[in-house]
Amino acid sequence: MVEAVVLYPSPPIGHLLAMVELGKLLLSHRPSLSIHILIATPPYQAESTAPYIAAVSSTIPSIVFHKLPKVTLLPSTDVAHHEFLTFEVLRLSNPNVHETLLSISKDYKVHAFIMDFFCTVAFKVAVDLSIPPYFLYTSGVATLSSFFYLPTLHNNTTKSFKELNLLLNIPGVPPVPSADMPKPVLDRNDQVYHIFINNSMYLPKSAGIIINSFESLEPRAIKAIRDGLCVPDGPTPPLYCIGPLIADVDRRSGARSNVAGEGAPDDCLMWLDKQPSKSVVFLCFGSLGLFSAQQLKEIAEGLERSEQRFNRVLLVEEMKIALPMVESETGFVDSSEVEKRVRELMEWEQGKLVRERTVAMKHAAKAAMSKGGSSRLALAKLFESWKKE
């Protein structure tokens, strides 16, 4: 039978992009592999991924998309967090995941079911079908450490993180103010909080964690996980740092315009081409970019006053390739803070060090993905694990 791997991303475009890039990476190592990607209908912007999926399907026949039937959310569904809507769609899609995996398994030898962290609800579906469950974690290793350790933090207190007012000591991560934990886990009485706790408890039960990072980028967090410090009461699964995964879709295609905004890519690239090297501040708001109108106004005013060129600020403070943004008492990042940090990044000595380290990490990333690099070796180990089935 033809060998296959099934990938299951959560609906937002950023997670789908990462899964497709993983599929392409797997094919680069074993071209005979068949990649199957399950697509759940997003609870919002339902057609936003369609052009991208069509573009990939037309250029890479070894990647097959399976669009799961649309599910119906109850009218009373709580919308306190957009994450809850996603979790509900994925939960209700489980019967469809089961049927699709059964169908694929009839014609292929499925080595792995690789799911997004948000798709943990499908974990048991794979196990029941004797398909090894893996996670693709699309964020950094430091946040993975936090989620591994989240059940321990939960068991150590009866209060919500928003009420603790203390520094949380998470292995492999600098002390984190409790109020700075991700919004969905701040209130332990929130339904989404308990979904995150449950998902975190399944991470150690997986056959392995594939992560979009590389060894030299986050060595402290990687070591903490591998040493078992983040799961003190049980085993830790293998960690495969195979990144960075970087989308290389034609930016002028319709697929890419739906990622960056209709009509935007050509204008942005033309403008960027005219700017001096290393003179543009890049702001990254994730695939959803959910900000209030007031916060967007503060960002815009701060950028304008900084007198720096900007396109769209990627904050990765732990790796020392970004500078922190400090919230005001109102919960906003004021325009004065935006102006200060942008100037610090582009004009001051501390910013110079950040820029130099960013360049060094760029070269380290390239080395990791080159022949014999750490990420290529990790990928080979992942394939070796499938031989032991």
Side-chain angles (χ1 to χ4, degrees), residues 1-12 15-27 29-30 32-41 53 56 60 62-69 71 86-87 89-139 144 147-148 195 198-212 235-240 242 245 378-379 381-389:
M1 298 179 77
V2 176
E3 296 176 305
V5 171
V6 178
L7 311 181
Y8 190 26
S10 60
H15 294 254
L16 174 59
L17 280 166
M19 277 292 188
V20 169
E21 291 305 315
L22 174 62
K24 289 156 68 174
L25 182 65
L26 295 174
L27 287 172
H29 189 85
R30 186 173 297 174
S32 62
L33 201 63
S34 182
I35 303 295
H36 297 259
I37 303 181
L38 311 188
I39 302 295
T41 302
I53 290 172
V56 174
I60 311 176
S62 294
I63 295 181
V64 180
F65 293 92
H66 301 260
K67 188 172 182 179
L68 302 177
V71 297
T86 299
F87 285 133
V89 166
L90 296 170
R91 181 182 67 82
L92 294 170
S93 295
N94 255 10
N96 299 323
V97 173
H98 183 272
E99 291 303 312
T100 305
L101 284 177
L102 266 181
S103 176
I104 295 171
S105 298
K106 290 178 182 178
D107 299 316
Y108 298 89
K109 167 61 178 175
V110 180
H111 285 299
F113 179 68
I114 304 175
M115 74 202 90
D116 190 290
F117 176 74
F118 281 81
C119 301
T120 303
V121 70
F123 189 103
K124 192 173 184 298
V125 176
V127 171
D128 288 346
L129 294 174
S130 300
I131 300 174
Y134 290 77
F135 285 99
L136 170 65
Y137 195 75
T138 56
S139 190
L144 177 60
F147 282 123
F148 263 125
I195 296 175
N198 180 73
N199 287 8
S200 296
M201 292 174 69
Y202 273 92
L203 286 171
K205 300 176 182 179
S206 69
I209 312 290
I210 304 161
I211 188 160
N212 186 16
T236 299
L239 188 65
Y240 302 98
I242 51 81
L245 298 172
L379 182 64
K381 288 181 180 179
L382 177 62
F383 275 89
E384 282 295 320
S385 73
W386 296 339
K387 288 183 179 180
K388 300 174 183 177
E389 296 172 13

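These numbers come from the heavy atoms of this one structure, side chains and all, not from hydrogens, waters or symmetry mates.
- Between the CZ atom of Arg30 and the CH2 atom of Trp386 there is a distance of 7.5 Å, given to the nearest 0.5 Å.
- The two atoms that bring Gly23 and Ile63 nearest to each other are C-CD1, 4.4 Å, heavy atoms only.
- In this structure the side chain of Thr41 never reaches within 4.5 angstrom of the side chain of Val71, judged on heavy atoms.
- Shown here for Pro204 and Pro235, the closest heavy-atom pair between the two residues is CB-O, 3.7 Å.
- Residue His111 holds its NE2 atom at 10.0 Å from NZ of Lys387, rounded to the nearest 0.5 Å.
- Side-chain contact between Ile53 and Leu16 is present, with heavy atoms from C-beta onward closer than 4.5 Å.
- Distance check, rounded to the nearest 0.5 Å: CD1 of Ile114 to OH of Tyr8 gives 15.0 Å.
- Nearest heavy atoms, Ala122 versus Asn94: CA-OD1, 3.5 Å.
- For the atom pair CG of Leu101 and OG of Ser130, the computed distance is 11.5 Å after rounding to the nearest 0.5 Å.
- Classified by interplanar angle (parallel below 30°, tilted 30° to 60°, perpendicular above 60°), the ring pair Tyr137/Phe147 is perpendicular.
- In this structure, Phe117 and Asn199 have side chains that are in contact, with non-hydrogen atoms separated by less than 4.5 Å.
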Steps toward side-chain contact (heavy atoms from CB on, under 4.5 Å) verdict (Leu203, Leu144): CA-CA 9 Å; Leu203 286 171; Leu144 177 60; 4.1 Å; yes
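- Put simply, the side chain of Leu382 reaches to within 4.5 Å of the side chain of Leu26, judged on heavy atoms.
- Relative orientation of the Tyr134 and Tyr240 rings is tilted, given thresholds of 30° and 60° on the angle between their planes.
- Interatomic distance, CG of Asn96 versus CD1 of Ile39, reported as 13.5 Å (0.5 Å rounding).
- At least one side-chain heavy atom of Leu68 sits under 4.5 Å from a side-chain heavy atom of Val97.
- In this structure, the side chains of Asn198 and Phe123 stay at 4.5 Å or more apart for every pair of heavy atoms.
- Between the side chain of Asn212 and the main chain of Leu245, a donor-acceptor pair closer than 3.5 Å is present.
- Ser105 places a side-chain heavy atom less than 4.5 Å from the side chain of Ile131.
- Residues Phe113 and Leu38 approach most closely at CE1-CD1, 4.1 Å, considering heavy atoms.
- Aromatic ring pairs are classed by plane angle as parallel below 30°, tilted from 30° to 60° and perpendicular above 60°; the pair Tyr108 and His36 is perpendicular.
- Considering only heavy atoms from C-beta on, Ile35 stays 4.5 Å or farther from Ser62 through its side chain.
- Closest of all the heavy-atom pairs between Val125 and His98 is CG1-CA, 3.6 Å.
- Of the charged side-chain nitrogens involved, at least one lies within less than 4.0 Å of a carboxylate oxygen, so that Lys24 and Glu21 count as a salt-bridged pair.
- The shortest heavy-atom contact between Ile104 and His66 is CD1-NE2, 3.7 Å.
- The distance from atom OG1 of Thr86 to atom CZ of Phe118, rounded to the nearest 0.5 Å, is 7.0 Å.
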